[in-house]
Novice: 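First, the structure itself, so that you have it in front of you.
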There are 2 protein chains.
Amino acid sequence: MADTKEMNYEEPGVTVDVVIFTISEDRLNVLLVKRNEEPFRGRWALPGGFLLQGESLEGAVKRIVDQKAGLKASYFEQLYTFGQPDRDPRSRVITVAYFALVPWTRLPEPVSPKVAGVEWTPTVYLPELAFDHNRIVFYAVERLRAKIAYSSIAVGLLPTMFRLSDLQRLYEIILGRELDKRNFRKKMHATGLLEETGQREIIGAHRPAMLYRFKEKKVVNID
Amino acid sequence: MADTKEMNYEEPGVTVDVVIFTISEDRLNVLLVKRNEEPFRGRWALPGGFLLQGESLEGAVKRIVDQKAGLKASYFEQLYTFGQPDRDPRSRVITVAYFALVPWTRLPEPVSPKVAGVEWTPTVYLPELAFDHNRIVFYAVERLRAKIAYSSIAVGLLPTMFRLSDLQRLYEIILGRELDKRNFRKKMHATGLLEETGQREIIGAHRPAMLYRFKEKKVVNID
DNA sequence: CCAAAAGTGTTATTGATACACCCATGC
DNA sequence: GCATGGGTGTATCAATAACACTTTTGG
(Lines give C-alpha, C1' and ligand atoms only; values in the text may rest on other atoms or scores of the structure.)
Protein backbone atom coordinates (compact mmCIF):
# COMPACT_ATOMS: atom_id res chain seq x y z
CA MET A 1 0.00 0.00 0.00
CA ALA A 2 2.89 2.37 -0.55
CA ASP A 3 1.36 4.42 -3.30
CA THR A 4 1.03 8.16 -3.04
CA LYS A 5 -2.67 8.03 -2.40
CA GLU A 6 -2.20 6.29 0.94
CA MET A 7 0.97 8.02 2.10
CA ASN A 8 0.03 11.67 2.09
CA TYR A 9 -3.57 12.30 3.02
CA GLU A 10 -4.17 14.35 -0.04
CA GLU A 11 -7.58 15.65 -0.89
CA PRO A 12 -9.03 14.25 -4.08
CA GLY A 13 -8.15 16.22 -7.19
CA VAL A 14 -11.03 17.90 -8.98
CA THR A 15 -11.10 18.12 -12.73
CA VAL A 16 -13.62 19.36 -15.23
CA ASP A 17 -14.10 17.40 -18.46
CA VAL A 18 -16.17 18.68 -21.34
CA VAL A 19 -17.99 16.82 -24.06
CA ILE A 20 -18.06 19.37 -26.87
CA PHE A 21 -20.58 18.57 -29.56
CA THR A 22 -20.92 19.87 -33.05
CA ILE A 23 -22.94 18.72 -36.02
CA SER A 24 -20.94 18.34 -39.19
CA GLU A 25 -20.95 16.02 -42.19
CA ASP A 26 -24.38 14.76 -41.17
CA ARG A 27 -22.93 13.38 -37.96
CA LEU A 28 -22.87 14.28 -34.31
CA ASN A 29 -19.21 14.86 -33.44
CA VAL A 30 -17.24 15.16 -30.21
CA LEU A 31 -13.97 16.98 -29.76
CA LEU A 32 -11.15 14.71 -28.56
CA VAL A 33 -7.57 15.51 -27.60
CA LYS A 34 -4.64 13.15 -27.72
CA ARG A 35 -2.91 12.73 -24.37
CA ASN A 36 0.79 13.58 -24.14
CA GLU A 37 1.29 12.38 -20.58
CA GLU A 38 0.74 9.31 -18.53
CA PRO A 39 -1.61 7.83 -17.68
CA PHE A 40 -3.10 6.81 -21.01
CA ARG A 41 -0.39 8.53 -23.05
CA GLY A 42 -1.30 8.42 -26.72
CA ARG A 43 -4.96 7.74 -26.07
CA TRP A 44 -7.76 10.06 -27.05
CA ALA A 45 -9.57 11.78 -24.22
CA LEU A 46 -12.06 14.52 -23.52
CA PRO A 47 -10.67 18.02 -23.15
CA GLY A 48 -10.44 18.83 -19.46
CA GLY A 49 -8.20 19.88 -16.65
CA PHE A 50 -7.84 20.64 -12.98
CA LEU A 51 -9.88 23.35 -11.39
CA LEU A 52 -7.79 26.46 -10.78
CA GLN A 53 -7.57 28.69 -7.70
CA GLY A 54 -10.77 30.59 -7.20
CA GLU A 55 -12.17 29.41 -10.49
CA SER A 56 -15.81 28.42 -10.71
CA LEU A 57 -16.78 25.21 -12.45
CA GLU A 58 -18.34 27.20 -15.27
CA GLY A 59 -15.20 29.28 -15.51
CA ALA A 60 -13.17 26.14 -15.93
CA VAL A 61 -15.47 24.91 -18.67
CA LYS A 62 -15.05 28.15 -20.61
CA ARG A 63 -11.29 28.09 -20.17
CA ILE A 64 -11.03 24.50 -21.34
CA VAL A 65 -13.25 24.96 -24.34
CA ASP A 66 -11.30 28.05 -25.31
CA GLN A 67 -7.82 26.59 -24.74
CA LYS A 68 -8.30 23.12 -26.10
CA ALA A 69 -10.74 23.80 -28.84
CA GLY A 70 -9.94 27.40 -29.62
CA LEU A 71 -13.59 28.36 -29.71
CA LYS A 72 -16.50 29.56 -27.64
CA ALA A 73 -19.40 27.29 -26.82
CA SER A 74 -22.82 28.74 -27.42
CA TYR A 75 -24.28 26.58 -24.68
CA PHE A 76 -23.10 24.30 -21.91
CA GLU A 77 -24.53 22.56 -18.91
CA GLN A 78 -23.39 20.28 -16.14
CA LEU A 79 -23.77 16.62 -16.92
CA TYR A 80 -22.71 14.47 -13.99
CA THR A 81 -19.91 14.05 -11.51
CA PHE A 82 -17.87 10.89 -11.74
CA GLY A 83 -16.00 9.87 -8.66
CA GLN A 84 -15.18 6.17 -8.66
CA PRO A 85 -12.01 5.78 -6.56
CA ASP A 86 -10.21 3.89 -9.32
CA ARG A 87 -11.20 6.00 -12.29
CA ASP A 88 -7.72 7.53 -12.40
CA PRO A 89 -5.07 4.85 -11.92
CA ARG A 90 -2.62 7.23 -10.24
CA SER A 91 -4.45 9.27 -7.66
CA ARG A 92 -7.91 10.09 -6.53
CA VAL A 93 -9.54 12.41 -9.03
CA ILE A 94 -13.18 13.23 -9.26
CA THR A 95 -14.37 14.92 -12.38
CA VAL A 96 -17.31 17.20 -12.96
CA ALA A 97 -18.40 16.51 -16.53
CA TYR A 98 -20.11 19.12 -18.69
CA PHE A 99 -21.36 19.04 -22.21
CA ALA A 100 -21.13 21.97 -24.58
CA LEU A 101 -22.57 22.83 -27.98
CA VAL A 102 -20.89 24.64 -30.85
CA PRO A 103 -22.47 25.48 -34.20
CA TRP A 104 -20.48 24.12 -37.10
CA THR A 105 -20.21 27.63 -38.52
CA ARG A 106 -17.95 28.64 -35.64
CA LEU A 107 -15.42 25.91 -36.19
CA PRO A 108 -12.01 27.16 -37.25
CA GLU A 109 -11.73 24.33 -39.77
CA PRO A 110 -14.55 22.49 -41.53
CA VAL A 111 -14.09 19.13 -39.87
CA SER A 112 -10.65 18.61 -38.35
CA PRO A 113 -9.06 21.54 -36.61
CA LYS A 114 -5.43 22.14 -37.52
CA VAL A 115 -4.27 22.06 -33.92
CA ALA A 116 -2.22 18.90 -33.60
CA GLY A 117 -3.71 16.25 -31.36
CA VAL A 118 -7.20 17.67 -31.43
CA GLU A 119 -9.87 16.04 -33.52
CA TRP A 120 -13.58 16.00 -34.13
CA THR A 121 -14.81 12.41 -34.04
CA PRO A 122 -18.27 11.15 -34.93
CA THR A 123 -19.91 9.75 -31.80
CA VAL A 124 -20.77 6.61 -33.73
CA TYR A 125 -17.09 5.85 -34.39
CA LEU A 126 -15.76 6.63 -30.94
CA PRO A 127 -12.43 4.92 -30.19
CA GLU A 128 -11.56 3.57 -26.77
CA LEU A 129 -10.88 6.67 -24.70
CA ALA A 130 -8.78 7.33 -21.61
CA PHE A 131 -10.23 6.93 -18.13
CA ASP A 132 -14.03 6.52 -18.05
CA HIS A 133 -14.49 8.97 -20.88
CA ASN A 134 -16.47 6.60 -23.10
CA ARG A 135 -19.03 6.42 -20.37
CA ILE A 136 -19.10 10.21 -20.06
CA VAL A 137 -19.68 10.65 -23.79
CA PHE A 138 -22.42 8.05 -23.65
CA TYR A 139 -24.12 9.97 -20.84
CA ALA A 140 -23.80 13.21 -22.77
CA VAL A 141 -25.36 11.81 -25.92
CA GLU A 142 -28.23 10.44 -23.88
CA ARG A 143 -28.80 13.80 -22.24
CA LEU A 144 -28.65 15.66 -25.54
CA ARG A 145 -31.13 13.25 -27.09
CA ALA A 146 -33.50 13.62 -24.17
CA LYS A 147 -33.32 17.40 -24.07
CA ILE A 148 -33.79 18.03 -27.74
CA ALA A 149 -37.28 16.59 -27.40
CA TYR A 150 -38.52 19.08 -24.81
CA SER A 151 -36.25 22.11 -25.03
CA SER A 152 -34.83 24.49 -27.59
CA ILE A 153 -31.32 23.19 -27.01
CA ALA A 154 -30.88 23.02 -30.78
CA VAL A 155 -30.14 26.77 -30.68
CA GLY A 156 -26.68 25.87 -29.52
CA LEU A 157 -25.86 23.83 -32.59
CA LEU A 158 -27.17 26.12 -35.29
CA PRO A 159 -25.93 29.38 -36.76
CA THR A 160 -28.15 32.37 -36.05
CA MET A 161 -29.97 31.92 -39.37
CA PHE A 162 -30.95 28.55 -40.71
CA ARG A 163 -33.44 26.76 -42.91
CA LEU A 164 -36.15 24.58 -41.41
CA SER A 165 -34.62 21.67 -43.26
CA ASP A 166 -31.35 22.31 -41.41
CA LEU A 167 -33.20 22.23 -38.14
CA GLN A 168 -34.97 19.04 -39.08
CA ARG A 169 -31.74 17.34 -40.17
CA LEU A 170 -30.21 18.31 -36.85
CA TYR A 171 -33.04 16.65 -34.98
CA GLU A 172 -32.77 13.56 -37.14
CA ILE A 173 -29.04 13.23 -36.58
CA ILE A 174 -29.36 13.51 -32.83
CA LEU A 175 -32.41 11.30 -32.51
CA GLY A 176 -31.10 8.81 -35.03
CA ARG A 177 -34.35 8.48 -36.95
CA GLU A 178 -36.22 10.23 -39.71
CA LEU A 179 -38.97 12.70 -39.00
CA ASP A 180 -42.00 13.66 -41.03
CA LYS A 181 -41.46 17.02 -42.72
CA ARG A 182 -44.98 18.37 -42.33
CA ASN A 183 -45.40 17.30 -38.72
CA PHE A 184 -41.98 18.63 -37.84
CA ARG A 185 -42.64 22.06 -39.31
CA LYS A 186 -46.07 22.24 -37.72
CA LYS A 187 -44.60 21.47 -34.32
CA MET A 188 -41.71 23.89 -34.66
CA HIS A 189 -44.03 26.69 -35.67
CA ALA A 190 -46.27 25.81 -32.75
CA THR A 191 -43.49 26.38 -30.22
CA GLY A 192 -43.54 30.05 -31.09
CA LEU A 193 -39.77 30.18 -30.72
CA LEU A 194 -38.97 30.66 -34.38
CA GLU A 195 -39.29 33.74 -36.48
CA GLU A 196 -38.72 34.42 -40.14
CA THR A 197 -35.76 36.62 -40.93
CA GLY A 198 -37.23 37.74 -44.24
CA GLN A 199 -34.04 36.60 -45.93
CA ARG A 200 -33.80 33.56 -48.14
CA GLU A 201 -31.04 31.13 -48.89
CA ILE A 202 -29.04 32.29 -51.92
CA ILE A 203 -27.60 29.12 -53.40
CA GLY A 204 -28.97 25.99 -55.02
CA ALA A 205 -30.85 24.99 -58.14
CA HIS A 206 -34.16 24.86 -56.37
CA ARG A 207 -36.73 27.01 -54.65
CA PRO A 208 -34.94 29.23 -52.09
CA ALA A 209 -35.73 28.48 -48.46
CA MET A 210 -36.84 31.02 -45.90
CA LEU A 211 -34.20 31.60 -43.24
CA TYR A 212 -35.35 31.50 -39.63
CA ARG A 213 -33.86 32.53 -36.32
CA PHE A 214 -34.70 31.72 -32.71
CA LYS A 215 -36.55 34.49 -30.91
CA GLU A 216 -34.80 33.66 -27.64
CA LYS A 217 -31.11 33.02 -27.81
CA LYS A 218 -31.34 31.09 -24.55
CA VAL A 219 -32.35 27.46 -24.28
CA VAL A 220 -35.97 27.23 -23.24
CA ASN A 221 -38.07 24.32 -22.06
CA ILE A 222 -41.03 23.61 -24.29
CA ASP A 223 -44.48 22.80 -22.88
CA MET B 1 -8.71 14.87 -19.13
CA ALA B 2 -7.13 14.32 -15.76
CA ASP B 3 -3.55 15.45 -16.09
CA THR B 4 -1.17 14.69 -13.30
CA LYS B 5 -1.59 17.27 -10.62
CA GLU B 6 0.97 20.01 -10.37
CA MET B 7 2.00 22.27 -7.54
CA ASN B 8 0.17 25.37 -8.65
CA TYR B 9 -3.20 23.69 -8.65
CA GLU B 10 -5.34 24.26 -5.62
CA GLU B 11 -6.75 21.19 -3.92
CA PRO B 12 -10.37 21.96 -3.23
CA GLY B 13 -12.14 19.98 -0.56
CA VAL B 14 -14.85 17.65 -1.78
CA THR B 15 -17.97 17.08 0.25
CA VAL B 16 -21.16 15.16 -0.35
CA ASP B 17 -24.44 16.67 0.84
CA VAL B 18 -27.70 14.77 0.83
CA VAL B 19 -31.26 16.02 0.64
CA ILE B 20 -33.17 13.23 2.39
CA PHE B 21 -36.88 13.32 1.72
CA THR B 22 -39.72 11.64 3.47
CA ILE B 23 -43.45 12.13 3.35
CA SER B 24 -45.10 12.55 6.71
CA GLU B 25 -47.98 14.52 8.14
CA ASP B 26 -49.18 15.26 4.63
CA ARG B 27 -45.99 17.19 3.93
CA LEU B 28 -42.78 16.67 2.06
CA ASN B 29 -40.01 16.81 4.66
CA VAL B 30 -36.25 17.18 4.53
CA LEU B 31 -33.80 16.02 7.16
CA LEU B 32 -31.70 18.84 8.60
CA VAL B 33 -28.85 18.78 11.10
CA LYS B 34 -27.79 21.60 13.37
CA ARG B 35 -24.17 22.62 12.87
CA ASN B 36 -21.84 22.43 15.88
CA GLU B 37 -18.84 24.00 14.19
CA GLU B 38 -17.95 27.10 12.34
CA PRO B 39 -18.79 28.27 9.82
CA PHE B 40 -22.52 28.69 10.34
CA ARG B 41 -22.44 27.28 13.88
CA GLY B 42 -25.99 26.88 15.15
CA ARG B 43 -27.54 27.00 11.68
CA TRP B 44 -29.45 24.14 10.14
CA ALA B 45 -27.78 22.41 7.23
CA LEU B 46 -28.06 19.37 5.05
CA PRO B 47 -26.39 16.22 6.33
CA GLY B 48 -23.07 15.87 4.58
CA GLY B 49 -19.38 15.47 4.98
CA PHE B 50 -16.01 15.19 3.33
CA LEU B 51 -15.29 12.35 0.99
CA LEU B 52 -13.07 9.78 2.66
CA GLN B 53 -10.00 8.06 1.25
CA GLY B 54 -10.93 5.55 -1.37
CA GLU B 55 -14.63 6.08 -0.83
CA SER B 56 -16.95 6.34 -3.82
CA LEU B 57 -19.50 9.14 -3.96
CA GLU B 58 -22.30 6.64 -3.50
CA GLY B 59 -20.46 5.12 -0.56
CA ALA B 60 -20.28 8.54 1.04
CA VAL B 61 -24.00 9.07 0.54
CA LYS B 62 -24.80 5.78 2.27
CA ARG B 63 -22.45 6.56 5.12
CA ILE B 64 -23.93 10.01 5.65
CA VAL B 65 -27.52 8.84 5.50
CA ASP B 66 -26.73 6.08 7.95
CA GLN B 67 -24.69 8.18 10.38
CA LYS B 68 -26.70 11.36 10.40
CA ALA B 69 -30.15 9.97 9.97
CA GLY B 70 -29.71 6.51 11.39
CA LEU B 71 -31.54 4.92 8.51
CA LYS B 72 -31.15 3.45 5.06
CA ALA B 73 -32.41 5.25 2.00
CA SER B 74 -34.49 3.16 -0.38
CA TYR B 75 -33.39 5.30 -3.29
CA PHE B 76 -30.86 7.99 -4.05
CA GLU B 77 -29.47 9.74 -7.06
CA GLN B 78 -26.97 12.45 -7.86
CA LEU B 79 -28.46 15.89 -8.09
CA TYR B 80 -25.85 18.46 -9.05
CA THR B 81 -22.37 19.60 -8.14
CA PHE B 82 -22.04 23.03 -6.61
CA GLY B 83 -18.67 24.66 -6.87
CA GLN B 84 -18.89 28.43 -6.55
CA PRO B 85 -15.53 29.58 -5.13
CA ASP B 86 -17.20 31.48 -2.28
CA ARG B 87 -19.80 28.95 -1.26
CA ASP B 88 -17.77 28.05 1.82
CA PRO B 89 -16.42 31.19 3.50
CA ARG B 90 -13.32 29.45 4.83
CA SER B 91 -11.81 27.39 2.07
CA ARG B 92 -12.56 26.10 -1.34
CA VAL B 93 -15.09 23.28 -1.07
CA ILE B 94 -17.07 21.83 -3.87
CA THR B 95 -19.99 19.64 -2.97
CA VAL B 96 -21.64 16.84 -4.88
CA ALA B 97 -25.30 16.98 -3.89
CA TYR B 98 -27.54 13.91 -3.85
CA PHE B 99 -31.12 13.42 -2.95
CA ALA B 100 -32.44 10.36 -1.17
CA LEU B 101 -35.87 8.94 -0.41
CA VAL B 102 -37.03 7.19 2.73
CA PRO B 103 -40.50 5.76 3.34
CA TRP B 104 -42.09 7.15 6.49
CA THR B 105 -42.49 3.63 7.80
CA ARG B 106 -38.73 3.32 8.18
CA LEU B 107 -38.33 6.38 10.33
CA PRO B 108 -37.17 5.63 13.87
CA GLU B 109 -39.62 8.23 15.22
CA PRO B 110 -42.88 9.39 13.66
CA VAL B 111 -41.80 12.91 12.81
CA SER B 112 -38.80 14.14 14.79
CA PRO B 113 -35.98 11.71 15.41
CA LYS B 114 -34.72 11.66 18.98
CA VAL B 115 -31.14 12.30 17.96
CA ALA B 116 -30.37 15.79 19.20
CA GLY B 117 -29.77 18.35 16.50
CA VAL B 118 -31.45 16.37 13.75
CA GLU B 119 -34.89 17.28 12.54
CA TRP B 120 -37.38 16.62 9.80
CA THR B 121 -38.59 19.92 8.42
CA PRO B 122 -41.39 20.47 5.91
CA THR B 123 -39.95 21.85 2.71
CA VAL B 124 -42.55 24.59 2.77
CA TYR B 125 -41.26 25.92 6.11
CA LEU B 126 -37.57 25.72 5.36
CA PRO B 127 -35.46 28.06 7.53
CA GLU B 128 -32.40 29.85 6.25
CA LEU B 129 -29.79 27.14 5.94
CA ALA B 130 -26.01 27.16 6.04
CA PHE B 131 -23.96 27.63 2.87
CA ASP B 132 -25.98 27.39 -0.34
CA HIS B 133 -28.15 24.63 1.07
CA ASN B 134 -31.45 26.36 0.44
CA ARG B 135 -30.60 26.36 -3.22
CA ILE B 136 -29.71 22.69 -3.09
CA VAL B 137 -33.03 21.79 -1.47
CA PHE B 138 -34.84 23.88 -4.05
CA TYR B 139 -33.09 21.98 -6.83
CA ALA B 140 -33.92 18.66 -5.21
CA VAL B 141 -37.62 19.45 -4.88
CA GLU B 142 -37.69 20.50 -8.52
CA ARG B 143 -36.03 17.26 -9.59
CA LEU B 144 -38.35 15.14 -7.47
CA ARG B 145 -41.38 16.94 -8.89
CA ALA B 146 -40.17 16.45 -12.44
CA LYS B 147 -39.32 12.79 -11.99
CA ILE B 148 -42.50 11.73 -10.29
CA ALA B 149 -44.33 12.57 -13.51
CA TYR B 150 -42.41 10.16 -15.71
CA SER B 151 -40.86 7.55 -13.45
CA SER B 152 -41.79 5.23 -10.63
CA ILE B 153 -39.67 7.17 -8.16
CA ALA B 154 -42.58 7.04 -5.73
CA VAL B 155 -41.44 3.52 -4.83
CA GLY B 156 -38.79 5.09 -2.68
CA LEU B 157 -41.26 6.95 -0.49
CA LEU B 158 -43.80 4.22 0.12
CA PRO B 159 -43.79 1.08 2.25
CA THR B 160 -43.85 -2.16 0.30
CA MET B 161 -47.66 -2.34 0.55
CA PHE B 162 -49.88 0.66 0.17
CA ARG B 163 -53.34 1.74 -0.86
CA LEU B 164 -53.91 3.56 -4.12
CA SER B 165 -55.16 6.50 -2.09
CA ASP B 166 -51.77 6.61 -0.33
CA LEU B 167 -50.06 6.70 -3.68
CA GLN B 168 -52.33 9.44 -4.90
CA ARG B 169 -51.84 11.55 -1.79
CA LEU B 170 -48.09 11.19 -2.26
CA TYR B 171 -48.35 12.52 -5.80
CA GLU B 172 -50.54 15.37 -4.65
CA ILE B 173 -48.15 16.40 -1.89
CA ILE B 174 -45.17 16.44 -4.21
CA LEU B 175 -46.92 18.10 -7.12
CA GLY B 176 -48.74 20.52 -4.88
CA ARG B 177 -52.11 20.09 -6.54
CA GLU B 178 -55.08 17.77 -6.40
CA LEU B 179 -55.52 14.95 -8.86
CA ASP B 180 -58.64 13.28 -10.18
CA LYS B 181 -59.16 9.93 -8.50
CA ARG B 182 -60.44 8.03 -11.52
CA ASN B 183 -57.87 9.37 -13.93
CA PHE B 184 -55.09 8.76 -11.46
CA ARG B 185 -56.05 5.13 -10.89
CA LYS B 186 -56.51 4.54 -14.60
CA LYS B 187 -53.06 5.86 -15.31
CA MET B 188 -51.38 3.93 -12.52
CA HIS B 189 -52.96 0.70 -13.63
CA ALA B 190 -51.89 1.45 -17.18
CA THR B 191 -48.22 1.63 -16.21
CA GLY B 192 -48.32 -2.06 -15.43
CA LEU B 193 -45.98 -1.50 -12.50
CA LEU B 194 -48.52 -2.18 -9.78
CA GLU B 195 -49.89 -5.47 -8.62
CA GLU B 196 -52.49 -6.39 -6.07
CA THR B 197 -51.17 -8.12 -2.98
CA GLY B 198 -54.48 -9.80 -2.28
CA GLN B 199 -54.41 -8.29 1.18
CA ARG B 200 -56.66 -5.50 2.35
CA GLU B 201 -56.24 -2.72 4.84
CA ILE B 202 -57.55 -3.77 8.23
CA ILE B 203 -58.57 -0.56 9.94
CA GLY B 204 -61.21 2.10 9.41
CA ALA B 205 -64.96 2.45 9.46
CA HIS B 206 -65.27 2.09 5.73
CA ARG B 207 -64.80 -0.29 2.88
CA PRO B 208 -61.32 -1.88 3.20
CA ALA B 209 -58.85 -0.88 0.49
CA MET B 210 -56.86 -3.29 -1.64
CA LEU B 211 -53.17 -3.16 -0.86
CA TYR B 212 -50.79 -2.90 -3.80
CA ARG B 213 -47.08 -3.32 -4.30
CA PHE B 214 -44.68 -2.31 -7.05
CA LYS B 215 -43.68 -5.17 -9.32
CA GLU B 216 -40.18 -3.74 -9.77
CA LYS B 217 -38.47 -2.51 -6.67
CA LYS B 218 -36.25 -0.33 -8.82
CA VAL B 219 -37.20 3.07 -10.14
CA VAL B 220 -38.31 2.78 -13.73
CA ASN B 221 -38.99 5.38 -16.39
CA ILE B 222 -42.53 5.32 -17.68
CA ASP B 223 -43.38 5.68 -21.36
C1' DC C 1 -38.20 20.74 -69.24
C1' DC C 2 -35.75 18.44 -65.71
C1' DA C 3 -33.73 18.01 -61.13
C1' DA C 4 -33.79 19.46 -56.37
C1' DA C 5 -35.37 21.06 -52.35
C1' DA C 6 -39.36 24.08 -50.33
C1' DG C 7 -43.65 24.30 -48.83
C1' DT C 8 -48.42 23.06 -47.45
C1' DG C 9 -53.73 20.19 -44.87
C1' DT C 10 -56.59 16.55 -43.65
C1' DT C 11 -57.76 12.36 -41.37
C1' DA C 12 -57.12 8.77 -37.81
C1' DT C 13 -55.42 7.47 -33.55
C1' DT C 14 -53.97 8.12 -29.02
C1' DG C 15 -53.64 10.10 -24.68
C1' DA C 16 -55.44 13.62 -21.26
C1' DT C 17 -59.11 15.73 -18.92
C1' DA C 18 -63.58 16.45 -16.83
C1' DC C 19 -67.09 14.62 -14.30
C1' DA C 20 -70.89 11.65 -10.32
C1' DC C 21 -72.52 7.83 -8.27
C1' DC C 22 -72.71 3.19 -5.75
C1' DC C 23 -70.07 0.01 -2.41
C1' DA C 24 -68.37 -2.10 1.90
C1' DT C 25 -67.38 -1.45 6.41
C1' DG C 26 -67.59 0.14 11.68
C1' DC C 27 -70.07 2.26 14.94
C1' DG D 1 -78.66 4.14 9.12
C1' DC D 2 -75.04 7.19 8.64
C1' DA D 3 -70.32 8.50 8.10
C1' DT D 4 -66.06 7.24 5.86
C1' DG D 5 -63.14 6.31 2.38
C1' DG D 6 -63.05 2.63 -1.78
C1' DG D 7 -64.04 1.86 -6.19
C1' DT D 8 -65.72 2.39 -11.10
C1' DG D 9 -66.82 4.45 -16.95
C1' DT D 10 -67.82 7.61 -20.54
C1' DA D 11 -67.55 11.67 -23.40
C1' DT D 12 -64.78 15.57 -24.92
C1' DC D 13 -60.64 17.67 -26.29
C1' DA D 14 -55.80 18.05 -27.50
C1' DA D 15 -51.69 16.12 -29.30
C1' DT D 16 -49.50 13.00 -32.29
C1' DA D 17 -48.87 10.26 -36.46
C1' DA D 18 -49.65 8.98 -41.15
C1' DC D 19 -49.74 10.41 -45.65
C1' DA D 20 -48.72 13.11 -51.40
C1' DC D 21 -48.67 16.69 -54.24
C1' DT D 22 -47.51 21.56 -55.98
C1' DT D 23 -44.06 25.42 -56.10
C1' DT D 24 -39.87 27.85 -57.19
C1' DT D 25 -35.58 28.05 -58.75
C1' DG D 26 -30.99 26.95 -61.71
C1' DG D 27 -29.15 24.80 -65.35
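Heavy-atom basis, side chains included; hydrogens, waters and symmetry copies ignored. As the structure is a prediction and not an experimental result, all values here were calculated from the model. Quick note on labels: first sequence line is chain A, next is B, and so on, each numbered from 1.
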Novice: Hey, mind stepping through B:N29 and B:T22 against side-chain hydrogen bond (donor to acceptor under 3.5 Å, both in side chains) and telling me if it holds?
Specialist: CA-CA 5 Å; B:N29 302 278; B:T22 200; over 6 Å; no
Novice: Taking all non-hydrogen atoms of both residues into account, name the closest pair between B:L31 and B:L46 and its distance.
Specialist: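 Answer, listing the atom of B:L31 first, then B:L46: O-CD2, 4.3 Å.
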Novice: Taking A:H189 for its side chain and A:R185 for its backbone only, find out whether a donor-acceptor pair lies under 3.5 Å.
Specialist: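 The answer is yes, because a donor-acceptor pair under 3.5 Å joins these two groups.
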Novice: D:dA18 P sits how many Å from A:K181 NZ, rounded?
Specialist: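 Value for this atom pair: 17 Å.
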Novice: Flag yes if more than 12 heavy atoms outside A:E178 fall under 6.0 Å of its CD atom; otherwise flag no.
Specialist: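 Not buried by this count: 12 neighbours or fewer within 6.0 Å.
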Novice: How far does CD of A:Q168 sit from CD1 of A:I173, to the nearest 0.5 angstrom?
Specialist: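 So the gap between those two atoms works out to 11.0 Å.
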Novice: Expressed as a whole number of angstroms, how long is the span from A:L164:CG to C:dT8:P?
Specialist: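 A:L164 atom CG is separated from C:dT8 atom P by 9 Å.
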Novice: Could you state the CD-P distance from A:E178 to D:dA18, rounded to the nearest angstrom?
Specialist: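 Interatomic distance, CD of A:E178 to P of D:dA18: 12 Å.
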Novice: From CG of A:L167 over to P of C:dG7, roughly how many Å is that when rounded to an integer?
Specialist: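 My rounded result for the distance is 12 Å.
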Novice: For the side chain of A:R106 and the backbone of A:K72, is there at least one donor-acceptor N/O pair under 3.5 Å apart?
Specialist: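 Yes; at least one donor-acceptor contact below 3.5 Å.
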Novice: Between C:dC19 atom C1' and B:L179 atom CG, what is the distance in whole Å?
Specialist: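 In whole Å, C:dC19 C1' lies 15 Å from B:L179 CG.
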Novice: A:F82 and ring pair (Phe, Tyr, Trp, His ring centres under 6.0 Å): which single residue from A:F138, A:Y139, A:Y98 fits?
Specialist: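 Testing A:F82 for a ring pair (Phe, Tyr, Trp, His ring centres under 6.0 Å) against A:F138, A:Y139, A:Y98 leaves exactly one candidate, A:Y139.
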Novice: Examine the side chains of B:S151 and B:N221 and answer whether a donor and an acceptor come within less than 3.5 Å of each other.
Specialist: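 Not at all, the side chains of B:S151 and B:N221 share no donor-acceptor pair under 3.5 Å.
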Novice: A:Y212 has an atom OH; how far is it from atom P of C:dA6, in whole Å?
Specialist: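 In whole Å, C:dA6 P lies 11 Å from A:Y212 OH.
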Novice: Any chance you could measure B:R169, atom CZ, to B:R163, atom CZ, to the nearest 0.5 Å?
Specialist: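 Here the interatomic distance stands at 6.0 Å.
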Novice: Can you pull every protein N or O that's under 3.5 Å from an N or O on nucleotides 15-18 of chain C?
Specialist:
| residue | atom | partner | partner atom | Å |
| --- | --- | --- | --- | --- |
| C:dT17 | O4 | B:K186 | NZ | 3.2 |
| C:dA18 | N7 | B:N183 | ND2 | 2.9 |
| C:dA18 | N6 | B:N183 | OD1 | 3.1 |

Novice: Rounding to an integer number of Å, can you tell me how far B:R163 CZ sits from D:dT4 C1'?
Specialist: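 Result: 11 Å.
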Novice: If only side-chain N and O atoms of A:S165 are considered, is one of them under 4.0 Å from the OP1 or OP2 phosphate oxygen of C:dA5?
Specialist: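 No, no such contact exists.
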Novice: Can you measure A:Q168 atom CD to C:dA6 atom C1' for me and round it to whole angstrom units?
Specialist: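 Checked: the CD to C1' distance equals 11 Å.
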Novice: Pick out the pairs of N or O atoms, protein on one side and nucleotides 24-27 of chain C on the other, that lie under 3.5 Å.
Specialist:
| residue | atom | partner | partner atom | Å |
| --- | --- | --- | --- | --- |
| C:dA24 | N3 | B:R207 | N | 2.9 |
| C:dT25 | O2 | B:A205 | O | 3.1 |
| C:dT25 | O2 | B:H206 | N | 3.1 |

